[in-house]
Number of protein chains: 2
Amino acid sequence: MGVPRAERRRRTEARILDAARVLFAELGYERATIRGVARRAEVDPALVMQYFGSKQELFQQAVRMTPPADGELDAEGAVEHVLGSLTMKLGELPQGSLAMMRSMLTHPEAAASARQVLSRQIDRLAEAMPGDDARLRAALMTLTMLGITVGHQLLEIDELRGVPQEELARLLRPSLRALTGQEVS
Amino acid sequence: MGVPRAERRRRTEARILDAARVLFAELGYERATIRGVARRAEVDPALVMQYFGSKQELFQQAVRMTPPADGELDAEGAVEHVLGSLTMKLGELPQGSLAMMRSMLTHPEAAASARQVLSRQIDRLAEAMPGDDARLRAALMTLTMLGITVGHQLLEIDELRGVPQEELARLLRPSLRALTGQEVS
DNA sequence: GTCTATATTATGATAGAC
DNA sequence: GTCTATCATAATATAGAC
């Protein structure tokens, strides 16, 4: 084979990480096992340990994400921005995010990671919103989307099955707008 | 001691269930252990098994809840109803609910239970709302509140720490109203 | 470099002494 | 009826053969 060993290794590592993301996303941290990841990646379980050292480390690598490059937003843009996260423009919500969300309620490290991601999102939205309680309202917007995403992607609530993203966005838009604006008494 | 044995047993059982609710709520199904529950309830671990038979059964008993008695609601009442669930009128959100929510993403049975509770809530709200897509909008309202509750009670997002319930309700009300009404183009 | 075999640990569950 | 002792299982992690 003309494939250099470094390249082979890189590919194997990527296959393990993909498998890990799928299993962590489906089962959560506790129920996903090194053995299961290895089976899915078609490698030996010991190899997973060899490459990543521990289950903890494997999880961290699997859910690591590049934070979205930020630019300035106005209040209108903020709404569209969070609506856009409903489903990534093309393809699915990154598998790593699902893995993190699946575990965020039961695995302390995933919880910390989730808080960090949410916090960044809240910061970003708050900058685009007027008023003293901008951070609080930005938090509510962010958690609204978290709830929808959890219900849709993780709990797979019947009512949202197969509903096109555009329809969800259309229904949610006025609701999110109400959170950006100044008080509506 | 003048306490009849049946009464003693009943009290012990209640103490075990309380301990179980706390641990399941804090740690989730997987990380909570029979031994931990027993320690907190100050009984022998074997006694827990004696009473409940299995961890699974203990969990079911711990999260069992009496569904709220339902009466007719209008659209206005629906909003206030979901806002009321932010924090139960007095006292906290029932510990059993927290236990169920904590585990709903990683424990299949908790997930099923959560879907059922959410579905009931969605039904109830949908009846009070006009329009063809009432169920979908009711689902979005319900998931909005789920997101807020998860962020507040389970992830303990900084931005919501110590914010009085009334303020959350005030900020969320217009947003939820937007979901009840017919389309706002 | 890859895998076999195993150490270690923690759990849910059970059997039986008292 | 309550608890001691233990079984059985399954996991992460490691050591060492090949």
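Just so it is clear, the values below take in all heavy atoms, side chains as well, and ignore hydrogens, waters and symmetry mates. All chains are named by letter (A, B, ...) in the order of the sequence lines, taking the proteins before the strands, and each is independently numbered beginning at 1.
- In terms of heavy atoms, B:Met101 sits closest to B:Leu154 at CB-CD1, 3.8 Å.
- A cation-pi contact links A:Arg9 to A:Tyr51, judged by a cut-off of 6.0 Å to the six-membered ring centre and 45° from its axis.
- What separates CD1 of A:Ile16 from P of C:dC3 is a distance of 10 Å, to the nearest Å.
- Atoms CD (A:Glu13) and P (C:dG1) sit 14 Å apart, rounded to a whole Å.
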Below 3.5 Å is the cut-off: list the nitrogen or oxygen pairs between protein and nucleotides 11-18 of chain C, distance only.
{"unit_1": "C:dG12", "atom_1": "OP1", "unit_2": "B:Lys55", "atom_2": "NZ", "d": "3.1"}
{"unit_1": "C:dG12", "atom_1": "OP2", "unit_2": "B:Ile34", "atom_2": "N", "d": "3.3"}
{"unit_1": "C:dG12", "atom_1": "N7", "unit_2": "B:Arg35", "atom_2": "NH1", "d": "2.9"}
{"unit_1": "C:dA13", "atom_1": "OP2", "unit_2": "B:Lys55", "atom_2": "N", "d": "2.9"}

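- Across A:Pro45 and A:Ile34, no two heavy atoms sit closer than the pair O-CG2, 3.9 Å.
- A:Leu105 and B:Arg102 get closest at one heavy-atom pair: O-CD, 2.8 Å.
- Of the candidates D:dC3, C:dT2, C:dT4, D:dC3 carries the atom nearest the B:Leu47 side chain, counting heavy atoms from C-beta on.
- Under a cutoff of 6.0 Å and an axis angle of 45°, B:Lys55 and B:Tyr29 form a cation-pi pair.
- Side-chain N/O atoms of A:Tyr51 include none lying less than 4.0 angstrom from OP1 or OP2 on C:dG1.
- A search for side chain to side chain donor-acceptor pair (under 3.5 Å) contacts involving A:Asp74 returns nothing, not counting sequence neighbours.
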